[in-house]
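Comments concern the structure below.
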2 protein chains.
Amino acid sequence: MGGSHPAPPMGGTIVPRTEKGGIPMTQVLVVEDEAQLARALVINLKARVYEVDAAPDGATALRMAAAAPPDAVLLDLGLPDMDGIDVIKGLRGWTRVPILVVSARSTSDQKVAALDAGADDFVTKPFSMDELLARLRAAVRRHDTADAATDDVAIVTAGDVTIDLHAKKVRRGGHDVRLTPTEWHLLEVLIRNQDRLTTQKQLLQEVWGPSYGTQTHYLRVYVAQLRRKLESDPSHPRHLITVPGMGYRFEK
Amino acid sequence: MGGSHPAPPMGGTIVPRTEKGGIPMTQVLVVEDEAQLARALVINLKARVYEVDAAPDGATALRMAAAAPPDAVLLDLGLPDMDGIDVIKGLRGWTRVPILVVSARSTSDQKVAALDAGADDFVTKPFSMDELLARLRAAVRRHDTADAATDDVAIVTAGDVTIDLHAKKVRRGGHDVRLTPTEWHLLEVLIRNQDRLTTQKQLLQEVWGPSYGTQTHYLRVYVAQLRRKLESDPSHPRHLITVPGMGYRFEK
DNA sequence: AGCGGCCATAAGGACGTCGTCAAGACCGAT
DNA sequence: ATCGGTCTTGACGACGTCCTTATGGCCGCT
């Protein structure tokens, strides 16, 4: 089975998508205005197997989370621009990503408020880095084994094809269809945006990494493979539609 | 390992859960040997909308949990009969019920060990009752909204194999099959996520620990061993399915 | 008609991954 | 110290996957 390693395409320096042994790393968003602590957290997390983004305030955090959904959020309550509780509520409006609150002032009331607003855990400064990391691991582990159950619609039916996103299983006419990791990734992005246009750039950046925005022939090759596996008449696709010059669209 | 304060279901019919307005109440199992604190917890929880059982030691706790699976467990680590960590592991062998650890001695190491063993949260004595209740609410809320599907399945039948997660026993074609501890752990995780993909990373971190996230070699070796013991045709597995590049899936 | 974009499809080589076997390290029990 | 079982580690073949290149079709523009 295949080299899922990002090989540098054609010419030029291109930053590969962060992975380790083909396994995608856990993405953590650190929301902390105090630069020193933020840096300490980032360094410690990166030293582990995490990939880290940092946001200095609530508005930035919400924007970054929406743009590139993380696998966990470390949130300081004492932010300059908005109340930490509102950041929690803002995130909880659309995602159940694990939120660990880190805070200095820690009255019991505050903890209760944060937890009831939807936070997963609450750590008081000063804290042991080991403990924080263990709590983070616990939260991510829980989420990994749980989110599959309910996050969104698990099973998509399109014509004679059924796609089970959680089992990572595709059936077509009573037979199982095998998809490679890259094919899955591509299909997932398309399904997330079903009935809407998904830009070439969007697809390339999501599946191959931020610096592959122009390698459009990857798309052609892989979309063709998907069509061959999913469409009954691959040369006249009914579900994986080409939008010339722009991208692709998945329709049921 | 004797009885407990509120009568556990002995020999006879299991009493239907108390309800309030048709809505089943949340069942909490308190595991605490110190009678005074146990009573305080029980009283406080009952004053809220919880229904409470109590166990004075680990063995009783495991037995009660098996007989009547609770919706949450409050666990003291300092038990008279066994290590609290082993209670966590015992529960995690077959259920993902939220476990909140309550402990007096709370070195950082202990917290890390408990969380990595599968605990959901760790509260240090002395604690604020409000905070404990908030953490309990958070854990239960997560659990409720997360998995409705696959939990608390004690006995699984897959083809000619039956797996009893409580008794830690596997029978196949009328004969007992011996599994090593590691094989068990791996199988447990796969069964808890049955019919869904279980990521390589997930399996490695759960079975071998947080730092083994990329040693995919272990998986190949142990999955092969499991197949040899469980599958009738190990080279064409029907239950332990490989999802190339991503992980494995257990199917009945 | 000819040309240049853009897209679809096929094929092949480099390299990963999976399954398997087996030897060595480790560990608790005798 | 020895032994049996278990875990870890290494090596290898078979095969799959990814990337790349080549070829041809379709369409609008000049």
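None of these values were measured; they are calculated from a predicted model.
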List, with names and distances, any nitrogen or oxygen atoms from the protein found under 3.5 Å away from nitrogen or oxygen atoms belonging to nucleotides 6-9 of chain D.
| unit_1 | atom_1 | unit_2 | atom_2 | d |
| --- | --- | --- | --- | --- |
| D:dT6 | OP1 | B:Arg178 | NH2 | 3.0 |
| D:dC7 | OP1 | B:Thr182 | N | 3.1 |
| D:dC7 | OP1 | B:Thr182 | OG1 | 2.4 |
| D:dC7 | OP2 | B:Thr180 | OG1 | 2.7 |
| D:dC7 | OP2 | B:Tyr222 | OH | 3.4 |
| D:dC7 | O5' | B:Tyr222 | OH | 3.3 |
| D:dT8 | OP2 | B:Trp208 | NE1 | 2.8 |
| D:dT9 | OP2 | B:Tyr218 | OH | 2.2 |

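Taking the charged nitrogens against the carboxylate oxygens, A:Asp233 and A:Arg227 have no contact shorter than 4.0 Å, which rules out a salt bridge. A salt bridge does not link A:Arg238 to A:Glu251: none of the charged nitrogens lies less than 4.0 Å from a carboxylate oxygen.
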(message) For a salt bridge (charged side-chain N to carboxylate O under 4.0 Å, His left out) check, start with the C-alpha distance between A:Asp195 and A:Arg249, then their side-chain angles and the critical distance, and finish with the verdict.
(response) CA-CA 6 Å; A:Asp195 298 325; A:Arg249 189 177 60 239; over 6 Å; no
(request) Might you work through the salt bridge (charged side-chain N to carboxylate O under 4.0 Å, His left out) test for A:Asp120 and A:Arg141, ending with a clear yes or no? (result) CA-CA 12 Å; A:Asp120 287 75; A:Arg141 162 171 30 87; over 6 Å; no
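For the OP1/OP2 pair of C:dG19 and a distance below 4.0 Å, the side-chain nitrogens and oxygens of B:Arg220 include no atom meeting the criterion. Between A:Arg227 and the phosphate of C:dA8, there is a side-chain N or O to OP1/OP2 separation shorter than 4.0 Å.
For the pair B:Leu226 CG and C:dC18 C1', the computed distance is 16 Å after rounding to whole Å. Straight-line distance from the NE2 atom of B:His236 to the P atom of C:dC18: 18 Å, rounded to whole Å. Rounded to an integer number of Å, the gap from A:Leu219 CG to D:dC18 P is 14 Å. C:dC6 atom P lies 14 Å from atom CG of A:Leu204, rounded to whole Å. Rounded to an integer number of Å, the gap from CE of B:Met246 to P of D:dG16 is 18 Å.
Picking from C:dC21, C:dC18, C:dA8 the nucleotide with the shortest atom distance to the side chain of A:Thr242 gives C:dA8.
Within the nucleic acid shown, A:Ser235 comes within 4.0 Å of sugar-phosphate atoms alone, with no base atom in reach, counting heavy atoms only.
Of all the heavy atoms in A:Arg228 and A:Arg172, the pair that sits closest is O-NH1, 4.4 Å.
Aromatic ring pairs are classed by plane angle as parallel below 30°, tilted from 30° to 60° and perpendicular above 60°; the pair A:Tyr218 and A:Trp208 is tilted.
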